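Below is one structure, written out as structure tokens, with a few remarks after it.
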2 protein chains.
Amino acid sequence: MKSDKISEAVVRRLPVYLRYLNELHHREVPTVSSQELGQKLDLNPAQIRKDLAYFGDFGRKGIGYDVSYLIEKIRQILKLDQQINVVLVGAGNLGHALSNYNAFLKDNMKIVAVFDAHTSKVGSRINNLTVQPMEELTSTIQDHGIRIGIITVPDVEAQNVADRLVASGIEAILNFAPIILKAPPQIRIHTADFTTDLQSLAYYLDNGKEEVKDAATEMGH
Amino acid sequence: MKSDKISEAVVRRLPVYLRYLNELHHREVPTVSSQELGQKLDLNPAQIRKDLAYFGDFGRKGIGYDVSYLIEKIRQILKLDQQINVVLVGAGNLGHALSNYNAFLKDNMKIVAVFDAHTSKVGSRINNLTVQPMEELTSTIQDHGIRIGIITVPDVEAQNVADRLVASGIEAILNFAPIILKAPPQIRIHTADFTTDLQSLAYYLDNGKEEVKDAATEMGH
DNA sequence: TAGATTGTTAATCGATTAACAATC
DNA sequence: TAGATTGTTAATCGATTAACAATC
């Protein structure tokens, strides 16, 4: 166990582990090896062991990892052992879709407020939350101890919304607007930009179309 | 110019460059340096030059890059100089939200068909497309020459949908279900999983809360 | 005990950054 | 010409993987 600087790549894999561990737990599987995890998650077993070892000695030699115990530990590491309140800004289609994922975010993250700058949206109900006007942003964030903001507004408004979230004391932002947000360095920003995802996929389309059939032998399922 | 193996990291930056270049073009800026690009996109200028140099000598020493020319080149590299048809499977909230992004995907990617397994959804209109039943999946993909599939179904259905997309001749998949899909290696899969994004953000929340104020000096805006 | 599997070190691999000659 | 900026090589940095002693 060492707690130097954990790389973002490691941190991003933890929720992936957690998700599959939850599935195992649901199936009442008591233990799992890095081998099995690696196979299921398309990762190198050594990498998984190393990732986990950054945070503690969670496994048992010859046995593997106790599923329930590892779930508990990863949830602690990710701070999902406490409720984390989230605010969503932008009550459009995407914001609407995300607010429905509260069920998914069961691990103690919860969207507790929704905001929109447009009066046409304010007051409408989204998934038993009432869309609030931007004027109430700061007070709501502070009153509810909201720590994470999700931005689902059009790109031209995104930086302004980010600035307001930061000014209101938010600590991290998940940004769905296709723009690079600027913020103070202590604010963590993840950008979820599926236009970028989709366009980079296009690169891998095979225009040649020749030797595609040969490669089809090794099926990974 | 070398065309060995381009790493995925490089490919994923290209759409980011393209997006900002489009903005510059819109503002009628004629040329841009790697320096300026780096500043705006939070990337090292040397990295940008290197990324672009994989594909050709697009810049001019002492001048920088011609915006229009670079846009043209990147679109060619990403294969966005041709129309790429996309199918979306899963007409729930998220699918609905994404189908509205057709405007965003202006660079010649187009969602041309939407499918759902549930009879309650089939026949309804989404963004002037009619939701089709799964039985028509293969024929529609083949008739429209659809090459990319977007999966927005619940996680338990995702692998099955992926298998059917692959069997229908799709070449790449953008997966929004929180699951690791298995597919033959020649099928490119990108997973856009915002529960993972959000949970990894939680890690960076500062529970100490002490020296936050000091770090707030260097504002990146 | 024998087999399995961890935690960790060392080796490898790959990606980022610095530096600079070439040149617009 | 002098200043700016590319393309590219070399140096650095970091992440992944292999290997194996420790041990359940």
Side-chain angles (χ1 to χ4, degrees), chain A residues 1-17 20-21 24 29-74 77 180 200 203, chain B residues 1-17 20-21 24 29-74 77 180 200 203:
Chain A
M1 174 168 180
K2 8 165 177 180
S3 347
D4 310 273
K5 269 279 145 50
I6 307 297
S7 85
E8 182 170 339
V10 174
V11 175
R12 281 186 169 276
R13 281 190 292 266
L14 295 179
V16 179
Y17 301 154
Y20 184 59
L21 288 165
L24 290 176
V29 177
T31 61
V32 66
S33 68
S34 59
Q35 178 91 220
E36 290 167 64
L37 279 170
Q39 206 138 31
K40 196 66 181 183
L41 303 176
D42 280 347
L43 294 170
N44 183 300
Q47 183 171 62
I48 294 175
R49 293 199 298 277
K50 201 159 196 267
D51 284 355
L52 296 173
Y54 280 118
F55 302 98
D57 290 359
F58 300 147
R60 281 209 294 163
K61 292 184 175 69
I63 309 289
Y65 299 90
D66 183 277
V67 171
S68 300
Y69 181 69
L70 192 52
I71 287 174
E72 186 191 327
K73 285 302 175 183
I74 295 182
I77 296 163
I180 309 293
S200 62
Y203 174 82
Chain B
M1 174 172 181
K2 13 170 174 172
S3 339
D4 309 274
K5 271 280 148 47
I6 307 297
S7 86
E8 181 169 340
V10 174
V11 174
R12 280 187 170 274
R13 283 190 292 266
L14 294 178
V16 178
Y17 302 153
Y20 184 60
L21 288 165
L24 290 176
V29 178
T31 61
V32 66
S33 69
S34 59
Q35 177 91 219
E36 290 169 65
L37 278 170
Q39 208 137 31
K40 197 67 182 183
L41 304 176
D42 280 347
L43 295 170
N44 184 297
Q47 182 171 63
I48 295 175
R49 293 200 297 280
K50 201 158 197 266
D51 284 355
L52 297 173
Y54 281 118
F55 302 99
D57 291 0
F58 300 147
R60 280 207 296 160
K61 292 184 172 71
I63 309 289
Y65 298 90
D66 182 277
V67 171
S68 301
Y69 181 69
L70 192 51
I71 287 174
E72 186 191 326
K73 285 300 173 184
I74 295 183
I77 295 162
I180 309 294
S200 62
Y203 174 82

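Every value quoted in this text rests on a predicted model; they were computed, and no experiment measured them. Every chain is numbered from 1 and lettered A, B, ... according to where its sequence line falls, protein lines coming before strand lines.
Distance CZ (A/Phe58) to P (C/dG7): 9 Å, rounded to an integer number of Å. Rounded to whole Å, atom C1' of D/dA15 lies 10 Å from atom CG of A/Asp51. In this structure, A/Phe55 atom CZ and C/dT8 atom P are separated by 14 Å, rounded to whole Å. A/Asn44 places its CG atom 14 Å from the C1' atom of C/dT8, with the value rounded to the nearest Å. Following rounding to the nearest Å, B/Tyr54 (OH) and D/dT8 (P) show an atom-to-atom distance of 11 Å. Whole-Å rounding puts the A/Gln47 CD to C/dT8 C1' distance at 15 Å. Going from atom CZ of B/Arg49 over to atom P of C/dA19 covers 12 Å, rounded to whole Å. In this structure, CZ of A/Arg12 is placed 14 Å from P of D/dA15, rounded to the nearest angstrom.
Annotation for A/Leu14 and A/Ile74: closest pair O-CG2, 3.9 Å, computed over non-hydrogen atoms. Closest non-hydrogen pair, B/Arg49 versus B/Ser34, comes out as NH1-OG, 3.0 Å. Among all heavy-atom pairs drawn from A/Tyr17 and A/Gln47, the shortest one is OH-O, 4.4 Å.
For the atom pair CD1 of A/Ile180 and CG of B/Leu43, the computed distance is 7.0 Å after rounding to the nearest 0.5 Å.
The side chain of B/Ser34 lies closest to D/dT6 when the candidates are D/dT16, D/dT6, C/dT16. Considering only side-chain atoms of B/Ser7, the nucleotide from D/dA15, C/dA15, C/dT5 that sits closest is C/dA15. In this structure, the nucleotide among D/dT8, C/dT16, C/dG7 sitting nearest to the side chain of B/Ala9 is C/dT16.
Classification of B/Lys40 and B/Glu36 as a salt-bridged pair fails, no side-chain N sitting under 4.0 Å from a carboxylate O.
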For this session: Starting from the C-alpha separation in whole Å, work towards a yes-or-no answer on side-chain contact (heavy atoms from CB on, under 4.5 Å) for B/Tyr54 and B/Ile77.
Result: CA-CA 11 Å; B/Tyr54 281 118; B/Ile77 295 162; over 6 Å; no
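Remark on DNA chain D: of its neighbouring residues A/Glu8 and B/Ser33, the 5'-side contact belongs to B/Ser33, judged by nearest-heavy-atom nucleotide.
Residues of residues 60-67 of chain A that place a heavy atom closer than 4.0 Å to DNA chain C, in numerical order, are A/Arg60, A/Lys61, A/Gly62, A/Ile63, A/Gly64, A/Tyr65.
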